[in-house]
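Structure record follows, encoded as structure tokens.
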Amino acid sequence: MLAAELGLGTVLNWDLSIQDVVIFALLCALGSSFGRLVRRLWIADIVLLTLVFLIAMTTVFSGSIARWVRADALPSQGVDAVVVPSSAVTSSGTLTVFGSDRLLMALDLIRRGVAPRLVTSRVCCGSDATVDSDADQRRLINLAGVSDRWILVENSGQSTHDETIAIDRRLRELGARSIAVVTSPLHTRRACATYEHDGMRVTCLPSLERGDQTRSAHDPHDRLAAFRTYVYERIGWWLYRRRGWVNAAREVDPSRRYL
């Protein structure tokens, strides 16, 4: 449970369930007869508990987390399109809070005339992909009155990189190369660097958060949520660099504002 609080569940896409707790309890019961194992478990618990306390009750990691957010100034001439990276969809076909946050901010930009196009991708739920985000995206876009400017891109991949390739292909057909990417604060650096690696001119904009406050965490719950997301994004950045999906030189760009 302590490891999950620190981001293990986020990295492994694993939700701690009662079955997991029972399995761990049985394994520990079987291993309790081995004194050396018990001592190591105690040490691991103390180390993890100390780390959880430091993250939740202090601001020791707040600076590193805040600096990971990338926020660019919008160009005065606007951009060719506003792009909303996908998040997830619930089993009933509604966007999660992360996806809703991104789309709502993008709709505000379109209403303000920042770009003539809004680009999203289809988000599916379940191994058989029987539930998708189309209806809920359409509902919000219709409410904003910009359905005539909406472009939905088919995305068969499961990663930001796969989605970038699909959206880039569609934007090239339209002759659009200057985009504003609206995504969750701690996802901004990796997402925007992926689009830039594909040759686009990118303005990176962190969305407002209506759930966990990862950009400005002021209480224990939000600090732990921010740390979990930060760990996930750091590992994601490392993997993208190894695979050549982002430019290493763009990890720290002095011309950008990292807030």
*Under a 4.0 Å N-O cut-off, is there an ion pair linking Arg169 with Asp198?*
no

*Give a yes or no on whether the backbone of Gly93 and the side-chain of Asp132 come within a donor-acceptor separation of less than 3.5 Å.*
no

*Please examine the side chains of Ile65 and Thr214, heavy atoms only from C-beta on, and report whether any two atoms are closer than 4.5 Å.*
no

_Sidechain-backbone polar pair: Arg117 side chain, Trp150 backbone, donor-acceptor under 3.5 Å_ = no

_Whether Tyr240 and His161 hold their rings parallel, tilted or perpendicular, with breakpoints at 30° and 60°_ = perpendicular

*Interatomic spacing from OG in Ser216 to CD in Glu209 - rounded to 0.5 Å*: 8.0 Å

*Can you see which heavy atom on Ala226 is nearest to which on Ala217, and at what distance?*
CB-CB, 4.4 Å

*Less than 4.0 Å between a side-chain N and a carboxylate O, is that true for Glu196 and Arg201?*
no

*asked:* For the CG atom of Asn247 and the NE2 atom of His197, what is their distance to the nearest 0.5 Å?
replied: 4.5 Å

*Backbone N or O of Arg138 within a donor-acceptor pair of the Asn142 side chain at under 3.5 Å?*
yes

*asked:* Do Val97 and Leu143 land in one hydrophobic cluster if side-chain heavy atoms of ILVMFWY residues count as linked below 4.5 Å?
replied: no

*Closest heavy-atom pair and its distance - Ala81, Val119*: CB-CG2, 4.2 Å

*Is a side-chain donor or acceptor of Ser100 paired with a backbone partner of Thr96 at a separation under 3.5 angstrom?*
yes

*Heavy atoms, side chains only, cut-off 4.5 Å: are Leu205 and Thr203 in contact?*
yes

_I need the single residue from Ser86, Ser207, Ser184 that forms a side chain to side chain donor-acceptor pair (under 3.5 Å) with Arg102. Which is it?_
Ser184

_Any non-hydrogen side-chain atom of Tyr195 less than 4.5 Å from a side-chain atom of Glu163?_
yes

*Using a 4.5 Å cut-off on heavy atoms from C-beta on, say whether the side chain of Glu233 contacts that of His187.*
yes

_Carboxylate-amine/guanidinium proximity below 4.0 Å for Asp80 and Arg177_ = no

*Please confirm whether the backbone N or O of Cys204 pairs with a side-chain atom of Asp72, one donor and one acceptor, at under 3.5 Å?*
yes

*Got a second to check how far Leu2's CG is from Phe53's CZ, nearest 0.5 Å?*
13.5 Å

*Met200 with Leu174, same ILVMFWY side-chain cluster at under 4.5 Å*: yes

*Is the shortest side-chain N to carboxylate O distance from Asp136 to Arg139 below 4.0 Å?*
yes

*Verify, without hydrogens or angle tests, whether Thr188 (side chain) and Pro185 (backbone) share a donor-acceptor contact under 3.5 angstrom.*
yes

*May I ask you to check if Arg190 and Trp237 form a cation-pi contact, with NZ or CZ under 6.0 angstrom from the six-membered ring centre and within 45° of the axis?*
no

*Check the pair Arg189, Val69 against side chain to side chain contact (heavy atoms under 4.5 Å, CB included), reporting the backbone distance first and the verdict last.*
CA-CA 6 Å; Arg189 184 178 297 216; Val69 179; over 6 Å; no

*asked:* Any non-hydrogen side-chain atom of Val84 less than 4.5 Å from a side-chain atom of Thr183?
replied: no

*Just by distance, do the side chain of Ser133 and the backbone of Gln137 share a donor-acceptor pair under 3.5 Å?*
no

_ILVMFWY network linking Val82 to Val153, side-chain heavy atoms under 4.5 angstrom_ = no

*Between Ile110 and Val146, is a side chain to side chain contact (heavy atoms under 4.5 Å, CB included) present by the stated rule, with each step listed?*
CA-CA 8 Å; Ile110 295 295; Val146 296; 3.7 Å; yes

*Going only through I, L, V, M, F, W and Y residues with side-chain contacts under 4.5 Å, is there a path from Val231 to Val52?*
yes

*Less than 4.5 Å apart, any side-chain heavy atom of Met105 and any of Asp101?*
no

*Could you tell me the separation between the OG atom of Ser121 and the CG atom of Leu152, rounded to the nearest 0.5 Å?*
7.5 Å

_Using 0.5 Å steps for rounding, measure from the CD1 atom of Ile167 to the OG1 atom of Thr120._
7.5 Å

*asked:* Using a 6.0 Å cut-off, check whether atom CZ of Arg111 has over 12 heavy atoms from anything other than its own residue.
replied: no

*Report yes if some heavy atom in the side chain of Val182 is under 4.5 Å from a heavy atom in the side chain of Leu109; otherwise report no.*
yes

*Carboxylate-amine/guanidinium proximity below 4.0 Å for Arg223 and Asp219*: no

*With hydrophobic residues grouped by side-chain heavy-atom distances under 4.5 Å, do Trp238 and Trp68 end up in a single group?*
yes

*Take Ile141 and Leu118 through the test side chain to side chain contact (heavy atoms under 4.5 Å, CB included) and record every step on the way to the result.*
CA-CA 9 Å; Ile141 292 169; Leu118 170 68; 3.9 Å; yes

*Check the side chains of Thr160 and Thr194 for a donor-acceptor pair under 3.5 angstrom, ignoring hydrogens and angles.*
no

*Just how far is it from atom CG of Leu186 to atom CZ of Arg70, taken to the nearest 0.5 Å?*
14.5 Å

